[in-house]
Amino acid sequence: MSRELVERVVKALEGKVYYGDVRFESARGMGYSKTKTKEAVSFASSVGLTVRISSANKWYYLAFDELDEGRILDETKRLVTKVGNKRSDIVLQEPWKIDREIKVMEDPNDLSDEEKIGVVRDIYGRIIGNDKIINAAVSLGHSKGETILMNTEGSNLRQVLPFYRFILNATAKEGKRIESDYFAVAKQGGHEILEKSDVHVKVGEVVKSAKDMLKAKMLKGGKHDIIVDDEISGVIAHESFGHGLEADQVTRGRSYLSSLVGKKVVSELVSVHDNSSYEGERGFFFFDDEGIKSKDNVLVKNGILKQFMNDRTTGFHLKSPPTGNARAQDFSRKVFIRMSNTYIEPGEWKRDELLAETKKGVYIEKALTGMEDPLGGNLQIMTGKAYEINNGELTTLYKGVGIAGKVLEFLSNVDAVTDDFELRGSGCGKGHEDYVPVSSGGPFMRIRGAVIG
Amino acid sequence: MEELVIKELKRLKDYEVFFVQSEVNETHLEKGRPHFISKTFDSGYGIRVLDGGLGFSSSNVKEREAVRKVIESAAKSARMTEKVDFQFPFEARYPKVDIVDKKIKSDPEKAINETIEKLLHRKPDNMEFSFGKFRTYDSTVHIMNSEGLDAEREETAFMIEMSITVGGKKRVEFWPHEFRRRVDDFGEEDFDKWFKLSRDQLTAELPGTGGMTVIFSPGSVADGVGSVVDFHTSGRAKLNEMSKFSVGEKIASEDVTIHSDGLYPFGLMSSGFDDEGVPQQKLPLIEKGVFKNFTYDQFYALKDGTKSTGNGLRQSDVFFVFDSKFGSMPTNQISNLYIKPGKRSLDELIGEVKEGVLVEKFSWLNPDGMTGDFSSEISAGYRIKNGEIANPVKGGLVSGNLIEMMRGVSGLSDKSTITSGGTVLAGICPYIRFEDVQVAG
């Protein structure tokens with residue numbers, strides 16, 4: 001029924017506008033959570049339909065949360081009359097078709113709600129039963145999202161993607177001091193993701209870490225040689241580097257990387273990808289919200305800046321094809337150029353070897369937050385914890401530190417990259433809004449003379 | 001939609017439904033020219049059912065079968081989750097609070113276009129709006145429950161996010177992102193300040209390293225102080241044994257008085273009732289540095305044997321958004337963070353600083369509400385030397401613990417202004433001066 005509705009709305013655009021597309025979205029999901037004081041099981045569903053028209057270099061959107069065909073067609077026809085059939089500077093492409101649904105190994109919908117809240121209760125019990133642990137928070141969630149996109153080029157696209165996440169948190173208390181730590185996994189797939197995550201091992205690690213943090217000291221800010229984990233490497237690739245390569249920032253005159261394509265910008269040990277075709281990861285899709293096929297985009301190869309990420313509009317202005325990075329938070333929001341699965345390629349160093357060969361420095365774990373600065377090219381990352389490195393060994397434990405500086409200078413000072421590789425799912429905003437599912441990651445890296453505090 | 005949902009719900013004994021209907025209008029600029037124009041109709045409902053436990057479901061799907069599925073899911077969740085001592089709130093007398101802008105109600109597109117024109121007219125010739133987002137919200141919230149509560153309110157909001165760039169070879173920007181209830185709450189004074197902050201970035205330097213006096217802007221105060229006060233004054237933190245505050249304990253400098261003020265005219269979190277239908281109020285949290293009261297929603301109030309303070313609010317995720325509130329359960333959180341202004345002007349506060357930094361904006365101040373720890377990059381600020389602004393600063397990190405810093409407050413400016421912060425909270429805050437804060441860069 002949704003497919004027929006989309007077809008009929010696209011027909012109202014065909015031949016009457018320079019370019020138009022109609023996107024239908026529906027999603028259903030379940031959530032299960034438990035803390036010391038609250039247990040919750042919740043269900044959520046949503047639908048939405050967006051009509052986009054490009055005319056005279058402007059994008060016009062209509063977004064509907066109700067699939068009332070009469071109203072949608074009336075509003076669409078009114079908009080078509082208002083904006084007219086005027087040429088726009090955007091990339092047009094040949095039509096294509098796809099209809100794919102990702103099949104999961106263990107469908108969480110095949111498990112009963114009782115079984116899933118049972119998993120959450122069990123993990124909660126394993127955390128809360130420990131000495132000094134005063135609270136725990138455990139949550140499991142899964143959802144399935146369908147997108148149907150048809151456009152005036154004749155493309156007919158459908159995809160169904162499954163999302164799964166599991167988060168556990170332990171809070172430790174001693175006197176007035178309270179500290180916590182967490183483990184999170186967020187990928188595309190089914191309940192097998194939890195089984196592959198060694199969650200019982202993670203419980204032990206998180207509980208120990210939360211208790212250890214009760215003794216952690218505050219590090220004095222300054223310049224240090226640092227080793228960062230895969231999670232922080234990923235946030236650097238995404239927040240600090242990737243946002244500046246979104247080509248809408250380039251055409252706005254708002255990217256510090258605008259004039260640097262083809263030039264060596266960072267250490268030759270650093271290669272960065274944005275790969276929306278990385279199946280199983282949270283930022284995966286078959287086609288983006290403009291109907292462009294997903295792909296592996298190499299952004300930096302051996303320190304040389306290779307390309308920007310484009311949508312139909314920037315692709316026209318920069319004379320470069322769209323890269324499959326156009327995404328909207330949901331039917332109600334604008335499509336922007338966004339990242340997907342962004343990572344730094346692994347290197348050749350072994351982690352133990354890297355640590356052993358670092359005489360003095362700071363080892364930093366867990367990226368809590370990061371913020372982009374596409375024009376200034378500055379770096380801001382808040383991390384979870386840090387250790388002093390003395391003669392190749394981890395010594396004093398510190399609370400999380402911030403990492404700051406100029407991104408290109410920071411990444412030019414990378415002198416070692418390990419052979420580790422992991423991606424972690426999260427959400428990414430464009431500035432302060434418009435969140436889309438992404439993942440980021442990579443290897444461990446050593447950076448000389450970084451500003452932390 | 002509402003009739004159908006209510007009819008289906010009446011088969012149950014204990015329930016609550018929260019409806020939101022919004023019209024959202026938006027225009028984006030690219031390099032000063034309109035590039036994107038949209039109109040969105042966004043509505044939905046969140047349902048809580050009490051049946052031993054408390055179940056929740058939400059949707060924007062309005063067909064009968066979908067509505068039944070949503071209600072059945074909430075009812076099943078209620079039966080499955082652990083038993084709670086809970087009752088939905090009763091209807092009460094609600095205070096009248098101004099939260100509606102007639103301009104947004106009558107012609108949202110005109111409100112947006114006039115603001116864009118004002119900004120373009122005011123803009124210095126050497127500056128550019130590399131992008132701009134202008135959005136109106138016109139919403140109706142309707143709450144009903146099985147205890148006979150039936151409350152409805154209208155509310156509006158206006159959002160501006162933009163990048164104001166300046167410079168030749170070296171381009172710099174100031175990047176405001178602010179919400180207000182009314183379009184005219186953004187004035188020429190705000191625009192001129194953004195232009196100045198953008199221009200000053202051209203000559204910005206790093207702030208230097210060491211312990212020094214740091215003055216936070218109202219927006220930084222809302223994000224920083226707001227995050228820890230919100231967490232530790234909540235009944236939720238108290239009952240989870242995670243609050244560091246005890247009633248009667250001195251937790252801040254004597255100059256600090258903070259309220260959760262849900263009645264502040266045109267405050268971003270203001271309304272006659274919270275998102276469970278309990279009257280909002282002006283609740284003293286900290287008076288002259290002493291902790292006075294916890295905030296409560298209905299759930300944690302009943303768990304602690306007391307009454308809700310009207311602090312059951314729904315925000316989607318941690319970020320400040322008005323849309324799709326129906327998808328979130330009410331949580332125990334602070335309303336507008338009102339901080340009583342001090343007696344000295346900002347200039348006087350600066351005049352007493354030998355060595356320090358005035359931070360107008362952090363890149364993203366997002367402290368750990370529980371521990372109070374933070375470390376954030378300065379996006380726009382000024383170095384203070386011998387009581388005077390010396391030069392603009394950008395970059396480098398300010399770090400510390402906001403719970404400890406509240407004890408080290410040495411001054412508040414004499415004016416509190418409405419701010420949406422950049423992270424979590426809405427506030428009415430002054431500039432606050434903190435002593436001996438670590439700065440690196």
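For the numbers below, each heavy atom of this structure counts, side chains included, while hydrogens, waters and symmetry mates do not.
- Heavy-atom distances place the side chain of B:Met370, and not its backbone, under 4.5 Å from chain A.
- Only the backbone of A:Ile452 comes within contact range of chain B, with heavy atoms under 4.5 Å apart.
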Go through B:Met1 and A:Glu66 one step at a time and tell me if the side chain to side chain contact (heavy atoms under 4.5 Å, CB included) criterion holds.
CA-CA 10 Å; B:Met1 165 185 79; A:Glu66 210 158 342; 5.6 Å; no

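- Using a 4.5 Å cut-off between heavy atoms, A:Lys406 does not touch chain B at all.
- Residue A:Arg333 comes nearest to B:Arg135 through the heavy atom pair NH2-NH2, 2.9 Å, listed as atom of the first residue, atom of the second, then distance.
- With chain B as partner, the option from A:Ser54, A:Ser42, A:Ser259 having the largest number of non-hydrogen pairs under 4.5 angstrom is A:Ser42.
- For A:Asn378, the parts lying near chain B are the backbone and the side chain together; criterion is any non-hydrogen pair under 4.5 Å.
- Chain A forms more heavy-atom pairs under 4.5 Å with one residue of B:Ser59, B:Gly55, B:Ala440 than with any other, namely B:Ser59.
- Of all heavy-atom pairs spanning A:Gly453 and B:Ser399, the tightest one is C-OG, 3.6 Å.
- Separating the OG atom in B:Ser376 from the CE atom in A:Met382 is a distance of 7.5 Å, to the nearest 0.5 Å.
- Atom CG of A:Leu379 sits about 8.5 Å away from atom CG of B:Leu397, to the nearest 0.5 Å.
- Classification of the A:Tyr61-B:Phe36 ring pair by plane angle, with boundaries at 30° and 60°, yields perpendicular.
- Interface residue B:Ser58: backbone and side-chain heavy atoms are both found under 4.5 Å from chain A.
- For the options A:Gly221, A:Ser46, A:Ser26, A:Gly376, heavy-atom pairs under 4.5 Å to chain B are most numerous at A:Ser46.
- Heavy atoms closer than 4.5 Å to chain B are found in both the backbone and the side chain of A:Glu372.
- Under the 4.5 Å side-chain criterion, counting only non-hydrogen atoms from C-beta, B:Val70 is in contact with A:Ser45.
- For A:Ser180, the parts lying under 4.5 angstrom from a heavy atom of chain B are both the backbone and the side chain.
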Evaluate the side chain to side chain contact (heavy atoms under 4.5 Å, CB included) criterion for residues B:Trp364 and A:Glu239: first the C-alpha distance (whole Å), next the side-chain angles of each, then the deciding distance (0.1 Å), finally the verdict.
CA-CA 12 Å; B:Trp364 185 19; A:Glu239 294 291 349; over 6 Å; no

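- Within the 4.5 angstrom heavy-atom criterion, no atom of A:Tyr32 approaches chain B.
- Neither the backbone nor the side chain of B:Phe129 comes within less than 4.5 Å of any heavy atom in chain A.
- Only the side chain of A:Lys173 comes within less than 4.5 Å of a heavy atom of chain B; its backbone N, CA, C and O stay farther away.
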Using salt bridge (Lys or Arg N to Asp or Glu O under 4.0 Å), reason through B:Glu241 and A:Lys36 one step at a time and then give a plain yes or no.
CA-CA 9 Å; B:Glu241 297 178 62; A:Lys36 189 172 191 171; 2.5 Å; yes

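- Put simply, of B:Pro34, B:Ser43, B:Gly395, B:Ser73, the one with the most heavy-atom pairs under 4.5 Å next to chain A is B:Ser43.
- With a 4.5 angstrom heavy-atom cutoff, A:Ile403 touches chain B only via backbone atoms.
- Taking each heavy atom of A:Ala40 and B:Met329 in turn, the nearest pair found is CB-CE, 3.9 Å.
- When every heavy atom of A:Gly253 is checked against every heavy atom of B:Lys31, the shortest pair comes out as N-CE, 3.9 Å.
- Enclosure of atom CZ in B:Arg68 by more than 12 non-hydrogen atoms of other residues, nucleotides or ligands within 6.0 angstrom is indicated.
- Contact check on B:Glu82 versus A:Arg121 returns no salt bridge, with no Lys/Arg side-chain nitrogen under 4.0 Å from an Asp/Glu carboxylate oxygen.
- Within a 6.0 Å sphere centred on NZ of A:Lys223, heavy atoms belonging to other residues, nucleotides or ligands number 12 at most.
- With a 4.5 angstrom heavy-atom cutoff, A:Leu79 does not touch chain B via any of its atoms.
- Under the 4.5 Å side-chain criterion, counting only non-hydrogen atoms from C-beta, A:Ile178 is not in contact with B:Thr371.
- At a 4.5 Å heavy-atom cutoff, the contact between B:Phe299 and chain A is made by side-chain atoms alone.
- One finds the CD1 atom of B:Ile37 at 6.0 Å from the NZ atom of A:Lys58 (value rounded to the nearest 0.5 Å).
- You'll find the side chain of B:Lys69 reaches within 4.5 Å of the side chain of A:Phe43, heavy atoms only.
- Across B:Glu161, B:Arg171, B:Lys244, the residue that shares the most heavy-atom pairs under 4.5 angstrom with chain A is B:Lys244.
- For a residue to count as touching a neighbouring chain, one of its non-hydrogen atoms must lie under 4.5 Å from one of that chain's; by this rule A:Arg52 does not touch chain B.
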Kindly determine whether A:Lys38 and B:Thr81 satisfy side chain to side chain contact (heavy atoms under 4.5 Å, CB included), including the steps that lead there.
CA-CA 9 Å; A:Lys38 216 174 212 178; B:Thr81 47; over 6 Å; no

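- Taking a 6.0 Å sphere around NZ of A:Lys82, one finds it holds 12 or fewer heavy atoms contributed by other residues, nucleotides or ligands.
- Salt-bridge formation is not detected for the pair A:Lys334/B:Glu30: no Lys NZ or Arg NE/NH1/NH2 atom is positioned less than 4.0 Å from an Asp or Glu carboxylate oxygen.
- The OG atom of B:Ser363 lies 7.0 Å from the CE atom of A:Met371; values are rounded to the nearest 0.5 Å.
- When side chains are defined from C-beta on, B:Lys394 counts as touching A:Asp373, because their heavy atoms get closer than 4.5 Å.
- Of all the listed residues (A:Asn135, A:Asp248, A:Val451, A:Val401), the one sharing the greatest number of non-hydrogen pairs under 4.5 Å with chain B is A:Asn135.
- Minimum interatomic distance between A:Arg254 and B:Ser130 (heavy atoms only, all atoms of both residues): CD-OG, 3.4 Å.
- Contact of A:Ile117 with chain B is made through the side chain alone, with heavy-atom distances under 4.5 Å.
- Salt bridge A:Arg252/B:Glu173: absent, no basic N to carboxylate O contact under 4.0 Å.
- B:Lys133 has a carboxylate O that lies under 4.0 Å from a charged side-chain N of A:Asp434, or vice versa, which qualifies the two as a salt bridge.
- At distances below 3.5 Å, at least one donor-acceptor pair connects side-chain atoms of A:Gln380 with backbone N or O atoms of B:Glu377.
- Comparing B:Asn401, B:Asp373, B:Thr165 by how many heavy-atom pairs each has under 4.5 Å with chain A, the most go to B:Asp373.
- The shortest non-hydrogen separation linking B:His35 to A:Asn57 is ND1-O, 4.2 Å.
- Partner B:Lys62 forms a side chain to side chain contact (heavy atoms under 4.5 Å, CB included) with one of A:Leu67, A:Asp65, A:Asp68 and no other, that one being A:Asp65.
- Chain A forms more heavy-atom pairs under 4.5 Å with one residue of B:Glu26, B:His28, B:Glu128 than with any other, namely B:His28.
- Between the OG1 atom of A:Thr171 and the CE atom of B:Met242 there is a distance of 3.5 Å, given to the nearest 0.5 Å.
- Looking only at heavy-atom pairs under 4.5 Å with chain A, the residue among B:Lys76, B:Arg236, B:Gln201 that has the most is B:Lys76.
- Here the straight-line distance linking atom OG1 of A:Thr37 with atom CG of B:Asn240 works out to 3.5 Å at 0.5 Å rounding.
- Two residues are said to be in side-chain contact when any heavy atoms from C-beta on lie closer than 4.5 Å; B:Met159 and A:Glu433 meet this criterion.
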